[in-house]
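Here the structure comes first, spelled out in C-alpha cells, and everything after it is commentary.
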Number of protein chains: 2
Amino acid sequence: MTRPKHRPLTLRDVSEACGVSEMTVSRVLRNRGDVSSATREKVLASAKALGYVPNQIAGSLASQRVNLVAVVIPSLSNMVFPEVLTGINRTLDDTPLQPVVGVTDYLPEKEEQVLYEMLSWRPSGVIIAGLEHSDATRAMLTNAGIPVVEIMDTDGTPVDSMVGISHRRAGRKMAEAILKQGFSRIGFMGTKMPLDHRARKRFEGFTEGLTKAGIEIEDREFYNGGSALAKGREMTQAMLERSPDLDFLYYSNDMIGAGGMLWLMDQGVDIPGEVGLAGFNGVELLEGLPRQLATMDACRSEIGEKAAQIILDRSAALDTEDSFEPQHITLAPKISFGQTLRRHGQG
Amino acid sequence: MTRPKHRPLTLRDVSEACGVSEMTVSRVLRNRGDVSSATREKVLASAKALGYVPNQIAGSLASQRVNLVAVVIPSLSNMVFPEVLTGINRTLDDTPLQPVVGVTDYLPEKEEQVLYEMLSWRPSGVIIAGLEHSDATRAMLTNAGIPVVEIMDTDGTPVDSMVGISHRRAGRKMAEAILKQGFSRIGFMGTKMPLDHRARKRFEGFTEGLTKAGIEIEDREFYNGGSALAKGREMTQAMLERSPDLDFLYYSNDMIGAGGMLWLMDQGVDIPGEVGLAGFNGVELLEGLPRQLATMDACRSEIGEKAAQIILDRSAALDTEDSFEPQHITLAPKISFGQTLRRHGQG
DNA sequence: CTGAAAGCGCTAACAT
DNA sequence: ATGTTAGCGCTTTCAG
C-alpha cells in the first residue's frame, strides 16, 4: 500500500470546492478587500474542510513581499544568542514578520554564505550580529535594498542601523569600578578571541581603563572550548598558583566567573576580602550561586526587541513611502555589584 | 540624497550583462547541465560583478522544490533545544537543506499556528518536538505529504518517523538505580508540567519504578519560571525543612539539581552520605560543579543529527522514487553516576 | 552545448 | 462585492 502522491492543494481546489473565484478565495484567506460574509463563510468552510494551506512561495512571488526577517548570529551554544532571539520573537510575534535564523560559528566565510542564502529568499530585513564583516558581506548588506540592523555592538560604523552596547565602554567602566573599590592587582580570564570582536573590545576597554589609572593587568589567560564553568575553575586555580598576589579577577563571561568563584569558595578564600570577582553578561544562572557574582548586563533580549522593532518600523515606512533614517541605539549596561566587587560597605 | 530604490537584480540583468540567455545563466548558477567553460566563466564574472543574488522564491516556485526543513520546538530558553538545533545544523550543513525554526512556547495552539506558517513555505520536511499535538496539528503533519520526524520522545505513536528517548524508561531506570544504592526516602522536584509531556513521562516512569519496589515518593514540589538554579536552592531548602528524613532528591533537570546541590553543600550536608542527588539532561555545565551531579544524558545533539539525517535520506528517496519506511529510533540514555548517587564504592 | 516557450500558484490592477 | 487578466523570476521541457 503506497501512500498516494499528495499534490498539495491549491487555491483552485478551494475555489472549485466552494464555487467562488480564486481571487475571492484569496481575498478571504488574506482578509483583504470587501467580501460578503456569506461567501466568506463558504470559503473558510471549504478551506478548512480540505485542509488547505496557502502557498507563500507563490504568494510572495506575486506580491513581491516576503514576511521573513533574516537573523544571522555566530552561535546557539552561548545562551546570549538564544536570548536575543527570544527578544526578536517577542516583538515579531504578533506581526506578519517571521524570523529565520542562520548560524555562522564565528566564521566570516560562513557568515558570507549564510547571508547569501538568506538574501536569496528576499527577506524584508536583516538582523546581524556584530559590525565586523567581510567586504563581500558588507556589500551584500548594502545592496540588498532592505533594512539592516547590526546588533550587540556599537563600537564601529554600521551599514545601516545598529542596536547594542559599547563593549569597549563596558570594559572600561568595569575597570573603573574595580579600581574605585581599591583593588589593584588584577588578573583577566577570557576566551581566545581572534574572531569574537565583542570580547576583544571589552578586553581592550578594560586594559584602557586600567592604564588611565596607571595600572596594568598582572596576569591573563585565554581558553577555547569545553565547559565554561570547568574552565573557569581550572584557569582560576592555575592563575592563583602562578600569581598568588592577585586581589581581583575579571572574567570575560559569567560562566567562567562562576566556575572561578566556586573554586575559590572551595578553597575557603574570602570573597571579596582576599580576592574580588566580576564577570560579564548578567546571566540568569547567577541568581542561584552561593554568592552573587558582580557582572554587567549585556541587554540581550532588549537588543533583540529593539532590533526587531526597527525592522518593523522600516517595513511600515517602506509601505507608506515615508523616509526613515538609520537608527543608532546604544544601550547602557549597568554594573550589578553582587557580593564580589564591593569592598567597603555601600562604597 | 535619497537612496535609489533598489530593484533587486534578476537573471535577466545578468543575462544582458554577459550576452548569454537567461536559461544558460541559470544553468551556470546552479551547476546543472553542460555549459562550456568559456561561457561559464563569462556568466560567473558578470554575476559577481553585478552582485547578483538568485531569487529562491521564484526558483522554488518554478522547480516545485524547496530546500527548507521546518523545525518546531517549544522553547529557546532551555539549552536542550539549542543543542538539538546544533545537531540538526551539523548534519544539514553541507547539504542544500536549510533549517527554519519555529518556537511554540509549549502552547498547542501556538504550535498549530507556527506549523501552519511553516508549511505554507512548502518545506521538504518537518522536525517537530514531541508526540503530543492537537488534532489539527496532526492532520497538517499527515496531509503535508512530506517527511515528518517527531523528536525527543518515543513514548507514543508518531505520525511518521521519530527519534528520541523513552522518558518513561529514563525515569524508571533512575528509580531503579537509586533504590539499588539503598536510598528509600525519596523526594522529587521538577517543573509544573501540564504541557511538558517529557517531564511528565519521566515523573511517571520514576514513580512507577519506585512503586514496583513498594516505595512511594515522600515529598514533591513543582516550580514555574525563574532562575532554575535559584529555584533548585529554594525548593531544596523548603523540602528538607518540611521533610528532614529524606535521603534522596531527584530533580527533573540538572539546573535545579545543581542549585539544590550548592545549597546542600553550603549547609555542610554530606552528599551522598546523608542525601543523594540526581538530575536529568547531562548538561555540560555540570562538569564545573564542585561535585559531579548524577544525571542521565538526553542525547540532545544526537537526536538532532539523526532526525536531520532521516529528512535527508527521505528527500533523496523521493527524488529517486524509492520507497522509504518510517524510522523509529529510540536512543538509550546512560546514567552518569557522578558523585552524588553511588553510596557503596563502585556499587 | 544553447535557446525559446510555457507555466509554477498566487496577487496587483483593473474591470464589472 | 466579485471576476478577469497579466504577470512575479525562475526552471522545466523541448528544439535546435
Side-chain angles (χ1 to χ4, degrees), chain A residues 6-44 46-47 50 52-68 96 117 119-124 144-145 319, chain B residues 6-44 46-47 50 52-68 96 117 119-124 144-145 319:
Chain A
H6 236 57
R7 178 185 56 75
L9 296 165
T10 67
L11 261 186
R12 172 180 217 105
D13 295 310
V14 180
S15 165
E16 284 171 359
C18 62
V20 175
S21 79
E22 288 186 40
M23 197 52 234
T24 301
V25 173
S26 169
R27 281 195 269 251
V28 170
L29 264 24
R30 287 177 298 144
N31 289 315
R32 278 286 143 72
D34 295 323
V35 180
S36 77
S37 58
T39 43
R40 152 169 275 105
E41 302 298 311
K42 233 190 328 184
V43 170
L44 253 22
S46 310
L50 295 174
Y52 172 69
V53 177
N55 185 333
Q56 295 239 41
I57 307 260
S60 297
L61 183 61
S63 66
Q64 300 285 68
R65 60 177 69 238
V66 182
N67 61 357
L68 259 26
E117 291 197 347
L119 289 182
S120 74
W121 288 100
R122 299 287 187 268
S124 296
D319 287 355
Chain B
H6 237 57
R7 178 185 56 72
L9 296 165
T10 68
L11 218 38
R12 173 181 216 104
D13 295 311
V14 181
S15 166
E16 284 169 0
C18 64
V20 175
S21 78
E22 287 185 39
M23 198 51 238
T24 301
V25 173
S26 167
R27 281 195 270 254
V28 170
L29 264 23
R30 287 175 299 144
N31 290 313
R32 278 286 145 74
D34 296 323
V35 181
S36 77
S37 58
T39 42
R40 151 168 275 105
E41 304 297 313
K42 231 188 329 184
V43 170
L44 253 21
S46 312
L50 295 175
Y52 172 68
V53 177
N55 184 332
Q56 295 241 40
I57 306 259
S60 297
L61 183 62
S63 67
Q64 301 284 73
R65 60 176 72 236
V66 182
N67 62 357
L68 259 25
E117 290 197 346
L119 290 181
S120 74
W121 288 101
R122 299 287 185 267
S124 295
D319 287 355

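We name chains A, B, ... by the order of the sequence lines, and we start the count at 1 in each one. The shown structure was predicted, so the numbers you read here are calculated from the model rather than taken from an experiment.
Distance CZ (A:R122) to P (D:dG9): 9 Å, rounded to an integer number of Å. At whole-Å resolution of the value, CH2 in A:W121 and C1' in D:dG9 are 13 Å apart. Note: CD1 (B:I57) to C1' (D:dT11) measures 15 Å, nearest angstrom. Remark: P of D:dC8 and CG of A:L61 are 9 Å apart, rounded to the nearest angstrom. At whole-Å resolution of the value, CZ in B:R7 and C1' in D:dC8 are 12 Å apart. Taking atom CG of residue B:N55 and atom P of nucleotide D:dG7, one finds them 18 Å apart after rounding to whole Å. In this structure, B:E16 atom CD and D:dC10 atom P are separated by 12 Å, rounded to whole Å.
Atom CZ of A:R65 and atom CD1 of B:I57 lie 13.0 Å apart (nearest 0.5 Å). To the nearest 0.5 Å, the span separating CD on A:Q56 from CG on A:N67 amounts to 4.5 Å. Considering CG of B:L29 and OH of B:Y52, their distance stands at 6.0 Å, rounded to 0.5 Å.
Axis deviation across the helix from C:dC1-D:dG16 to C:dT16-D:dA1 amounts to 30°, comparing end segments of five pairs, rounded to 10 degrees.
Within residues 19-34 of chain B, the residues having any heavy atom under 4.0 Å from DNA chain C are, by residue number, B:V20, B:S21, B:M23, B:T24, B:R27, B:D34.
Residue pairs meeting the salt bridge (charged side-chain N to carboxylate O under 4.0 Å, His left out) criterion with at least one member in residues 24-43 of chain A, sequence neighbours excluded, do not occur.
Chain B approaches DNA chain C within less than 4.0 angstrom (heavy atoms of the protein), and the contacting nucleotides run 5' to 3' from C:dC1 to C:dG9.
The closest side-chain heavy-atom distance from A:R122 to B:P8 is below 4.5 Å. Counting only heavy atoms from C-beta outward, the side chains of A:V14 and A:L9 never approach each other to under 4.5 Å. Contact of the B:T39 side chain with the B:V28 side chain is not registered, since no non-hydrogen atoms from C-beta on lie closer than 4.5 Å.
For A:S63, there are no side-chain hydrogen bond (donor to acceptor under 3.5 Å, both in side chains) partners two or more places apart in sequence or in a different chain. Contacts of B:R12 classified as side-chain contact (heavy atoms from CB on, under 4.5 Å), with partners at least two apart in sequence or in another chain: B:T10, B:E16, B:E22.
In terms of modelled atom types and a separation under 3.5 Å, the side chain of B:S124 and the main chain of B:V66 share a donor-acceptor contact. The closest donor-acceptor contact from the side chain of B:S120 to the backbone of A:N55 lies at 3.5 Å or more, if one exists at all.
Residue contacts for A:S60: at a heavy-atom cut-off of 4.0 Å it reaches no nucleic acid atom on any strand shown.
Position along DNA chain C of the nearest nucleotide to B:Q64 versus B:V35 favours B:V35 as the more 5'-ward residue.
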